Amino acid sequence: MKTIIMIPSRMASSRFPGKPMVKINGKPMIQRVWQQAINCNIGDVVVACSENEVFDLITNLGGKAILTNPNLPSGTDRIYSALTKMPEHKEFDFVINLQGDMPIIKPQQIKKVINPLKHKYSIGTLATNLKKDEVSNKNVTKVSVKWDKNNIGQAKEFFRYKDKVDENTFHHVGIYSYTINSIKDFVKLPTSKNEKLLNLEQYRAMDAGIGIGVTLVNNIPPSIDTKEDLNLIETIIRENNE
């Protein structure tokens, strides 16, 4: 099965403008994510970006980047736009949407997002253990999962905060896998009611009756949404001499 990893990148983040190019111990964040994707060694890696500075960085490193419209509504729309600019895009079986703010996610963790596609799902994602201090943190998206015998679960609900959570609630990791047909179908769907209400893009699929499969991977490192997150990641990198 032929797989491609697509990394959406946009400088105009509302919470952290210029985030892709922020340096972490001297290296731009988007470069670190791109390198982790390359280290997966499971297929092509492309950065779908909306600014020339990201494009120039990746191409000067010998990587592949594709410029996309900065006004596209979501990261999934961005990677699909870039994907369709590739003449060979129909040859891919699986597409991984790897967020550009996960600079220390491990290659073996990235690979596991494909597992739901190998079962009955057309969209897959990851979950990790939910820490006590994250339960009430509205910046941490949670997912409630119903597990099956293959250690793959179905996402029942995504949310940011609830008064109570049970043992089947996990920290949702915003990395997705699609079949080539499911990503094409996804971007054709209209923005859904819950997607708008909760500001959670995955509800576009859920509200259309498309199931999302979940693989549980413990101890996935955090993404960077704020400058406080950046300080934490820098500390982890220094401690691990990365």
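Since this is a predicted model, take the numbers as computed values, not measurements.
In the model, S50 has no side-chain atom that pairs as donor or acceptor with a side-chain atom of R10 under 3.5 Å. There is a side-chain donor-acceptor pair under 3.5 Å between E201 and T76. If you check the side chains of Q35 and K27, you find a donor sitting under 3.5 Å from an acceptor.
Two residues are said to be in side-chain contact when any heavy atoms from C-beta on lie closer than 4.5 Å; Y176 and I96 fail this criterion. Side-chain contact between P73 and T191 is absent, with no heavy-atom pair separated by less than 4.5 Å. Residues R32 and I104 are not in side-chain contact: their nearest non-hydrogen atoms beyond the backbone lie 4.5 Å or more apart. Side-chain contact check for L83 versus I180: some heavy-atom pair is nearer than 4.5 Å. Side-chain atoms of V22 and P28, non-hydrogen and from C-beta on, never get closer than 4.5 Å to each other. Residues I114 and K118 form a side-chain contact, since some pair of their non-hydrogen atoms from C-beta on lies under 4.5 Å apart. Contact check for N97 versus Y178: side-chain heavy atoms found under the 4.5 Å cut-off. K2 has its side chain out of reach of F94: every pair of non-hydrogen atoms, C-beta onward, lies at least 4.5 Å apart.
No single ILVMFWY cluster, assembled from side-chain heavy atoms under 4.5 Å apart, contains both I58 and I4. Residues Y203 and L189 share a single hydrophobic cluster, defined by chaining ILVMFWY side chains whose heavy atoms lie under 4.5 Å apart. A single hydrophobic cluster is not seen to contain both V214 and Y121; linkage of ILVMFWY side chains at heavy-atom distances under 4.5 Å, directly or through other members, places them apart. There is a path of hydrophobic side-chain contacts, each under 4.5 Å, that joins F92 to F186. Side-chain heavy atoms closer than 4.5 Å link hydrophobic residues (I, L, V, M, F, W, Y) into clusters, and following such links, possibly through other members, connects L117 to M1.
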> When you look at K64 and D44, which way does the side-chain contact (heavy atoms from CB on, under 4.5 Å) test go after all the steps?
Replying inline: CA-CA 9 Å; K64 185 165 186 177; D44 293 347; over 6 Å; no

> Under the side-chain contact (heavy atoms from CB on, under 4.5 Å) criterion, do F159 and L198 qualify, and how do the steps go?
Replying inline: CA-CA 7 Å; F159 58 93; L198 301 170; 6.0 Å; no

>> side-chain contact (heavy atoms from CB on, under 4.5 Å), that's the test. Do M21 and L57 meet it? Break it down for me.
In response: CA-CA 9 Å; M21 293 297 290; L57 171 70; 3.8 Å; yes

> Should T226 and D229 be marked as a side chain to side chain donor-acceptor pair (under 3.5 Å) after you check the CA-CA gap, both sets of side-chain angles, and the distance that decides it?
Replying inline: CA-CA 5 Å; T226 66; D229 296 334; 3.3 Å; yes

> Would H172 and T125 count as a side-chain contact (heavy atoms from CB on, under 4.5 Å) if you check the C-alpha gap in whole Å, the side-chain angles of each, and the deciding distance to 0.1 Å?
Replying inline: CA-CA 8 Å; H172 176 236; T125 193; 2.8 Å; yes

>> Set out, in order, the CA-CA distance, both residues' side-chain angles and the distance that settles salt bridge (charged side-chain N to carboxylate O under 4.0 Å, His left out) for D225 and K19, then state yes or no.
In response: CA-CA 8 Å; D225 293 314; K19 186 165 67 169; 3.8 Å; yes

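The closest donor-acceptor contact from the side chain of E239 to the backbone of I236 lies at 3.5 Å or more, if one exists at all. One N or O on the side chain of Q99 and one on the backbone of G174 form a donor-acceptor pair closer than 3.5 Å. Judged purely by atom type and a 3.5 angstrom limit, H119 uses its side chain to pair as donor or acceptor with the backbone of N115. Of the possible donor and acceptor atoms, none in the side chain of K138 sits under 3.5 Å from a partner among the backbone N and O of S136. The backbone N or O of S192 lies less than 3.5 Å from a partner atom in the side chain of E195, making a donor-acceptor pair.
Within 6.0 Å of the NZ atom in K131, the count of heavy atoms belonging to other residues, nucleotides or ligands does not exceed 12. Counting heavy atoms of neighbouring residues, nucleotides and ligands inside a 6.0 Å radius, atom CG of N41 does not exceed 12 of them. Atom NZ of K111 is surrounded by more than 12 heavy atoms from other residues, nucleotides or ligands within 6.0 Å.
To the nearest 0.5 angstrom, S144 atom OG is 6.5 Å from N168 atom CG. A distance of 5.0 Å separates OG1 in T179 from CG in N181, rounded to the nearest 0.5 Å. Taking CE from M206 and CG from L200, the interatomic distance works out to 10.0 Å, rounded to the nearest 0.5 Å. In this structure, S9 OG and E51 CD are separated by 6.5 Å, a value rounded to the nearest 0.5 Å. Considering CG of L61 and CD1 of I30, their distance stands at 11.0 Å, rounded to 0.5 Å. Summarising the geometry, atom CD1 belonging to I175 is positioned 9.5 Å from atom CD1 belonging to I7; distances are rounded to the nearest 0.5 Å.
Nearest heavy atoms, G124 versus I212: C-CG2, 4.5 Å. When every heavy atom of T128 is checked against every heavy atom of N219, the shortest pair comes out as OG1-N, 3.0 Å. Looking at every heavy atom in both residues, N71 comes nearest to N69 through N-OD1, 2.8 Å. Nearest heavy-atom pair, M102 versus I105, reported as atom, atom and distance to 0.1 Å: O-CG2, 3.3 Å. Closest heavy-atom contact between I152 and T215: CD1-OG1, 3.6 Å. Contact detail for I210 and S122: the closest heavy-atom pair is CG2-OG, 3.9 Å.
Checked against L98 for a side-chain contact (heavy atoms from CB on, under 4.5 Å), the options I5, I79, V47, V113 give a single hit: I5.
Residues in residues 159-179 take part in these salt bridge (Lys or Arg N to Asp or Glu O under 4.0 Å) pairs, two or more places apart or across chains: E157-K162.
A salt bridge is absent between K188 and D77: the closest approach of a Lys/Arg side-chain nitrogen to an acidic carboxylate oxygen does not fall below 4.0 angstrom.
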